[in-house]
Amino acid sequence: MPRSPAALSAGATDHGLPDRYRTRPDVTRDDLERALADAIDRIDENLDEFYDRFPTASSDDLVYGATANMDGWTTSFWTGLCWLAHEVTGAERFRDAAETQLETFERRLDSGETATHDLGFLYTLSAVAGHRLTGNEQYRSLALTAADRLADRFWEAPGMIQAWGECDANTESWERGRAIVDTMMNLPLLFWASETTGDSRYASVAATHARTTAEHLVRADGSTCHTFEFDVETGAPVGEETAQGYADDSCWSRGQAWTVYGYAVAADYTGEAAYLDLAGTLANYYLQHVEADGVPRWDFDAPAEQSMRDSSAAAIAACGLDELARHLPTADERVAGYRNAALATLGSLADDYTVGDGSNGLLAEAAYHPTEGDYDECCIWGDYFYVEGLVRATEQWGRYW
Ligand code: GLY
């Protein structure tokens, strides 16, 4: 019997919302509308090149290459940008591009290239968004197949979804029984699947994974580790380890941002106040550690000589903070604080992190994998969440997640 989420969220220390977010930032609605219009112009300029192909996960000298590969975890962020541009402008060319790309997502399911928790990212921003916006039943069916494959990655004994690799009880591997914080943002596919089918199995997998993450990947100080291994036979916790952060016991800022947004969405689907409390604790840790301009260093614990920023983490956090503010009781003073923080972050990204002519991306200074030399570039998910954040701030928007 899993512990109740209410018991879990009390486990982490909440450092409180920093005072600087009590004041509304200078950024105006006009500023954000202009930033959104500029971003949509850039998406439009890229549409021919990436009509039925995808930008690479990160750029090279601020220019994305084009790939027709179905593998990887990031293709749907471009499709998601096309859906956002279609919603904001009403232009059919963006919808046509998204629908053309959806054929790739269908082929990927047929090919069996699906041994990853990233199915949530991949099929939420392509098929769930497509179904929400067009009502096309084929997209719903694609997304449900993806949700089935994601739910198949659940290990009963530890109560978690394995992030990477084949889920094979008989073969030892580094991936076997390894949970990662990023998965919190893949759970919406499962919550959506239960909502649309009435079958509670998907949501039960998602809720159990969320509880296990709260118990083992969220630390007592409100920070998160990147990955955590479990014994899949006994369920015993083995220990934390990083894959993309600075150290096993450090806090990778993008991971922290994934959990803020992930728990805020989980709270909305389940109505669990404990998830909302936990999202607040995680958000406060993030806001206590982010740089003054709202863009975090890639890892909050990296030494000064590794002070690269991650604009993509800031964009994810801006969306997560806005989502959190939408679900807190209106009288809660954190509502204004999280909205202020989201707006300040978007204003800073628009003013100081957007790339100019000569690039086909939107945000500079994203850090995919600094320890492998991949930083100071555009990352396609950072571009997606930047535009989602601007849409949240300027339009009435129904979440894809
Ligand atoms: N989910 C992979 C990453 O954030 O880099």
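As the structure lists them, so they are numbered: ligands from 1, and atoms in each ligand from 1.
Applying the salt bridge (charged side-chain N to carboxylate O under 4.0 Å, His left out) rule to Asp19 yields the partners Arg22; only residues at least two apart in sequence or on another chain are considered. Not a single ring pair (Phe, Tyr, Trp, His ring centres under 6.0 Å) links Tyr386 to another residue, sequence neighbours left out. Listed by chain and number, the residues in a side-chain contact (heavy atoms from CB on, under 4.5 Å) with Ser250 are Tyr246, Ala247, Asp299, Asp301 (sequence neighbours excluded).
The six-membered or imidazole ring of Phe121 lies near that of Trp73, with a centre-to-centre distance under 6.0 Å. Taking the six-membered ring where the residue is Trp, the centroids of Trp381 and Tyr368 are separated by under 6.0 Å. The distance between the ring centers of Tyr139 and Trp192 does not fall below 6.0 angstrom.
Contacts of ligand 1 (protein heavy-atom distance under 4.0 Å) are Trp73, Asp182, Gln244, Trp252, Arg254, Trp258, Tyr368.
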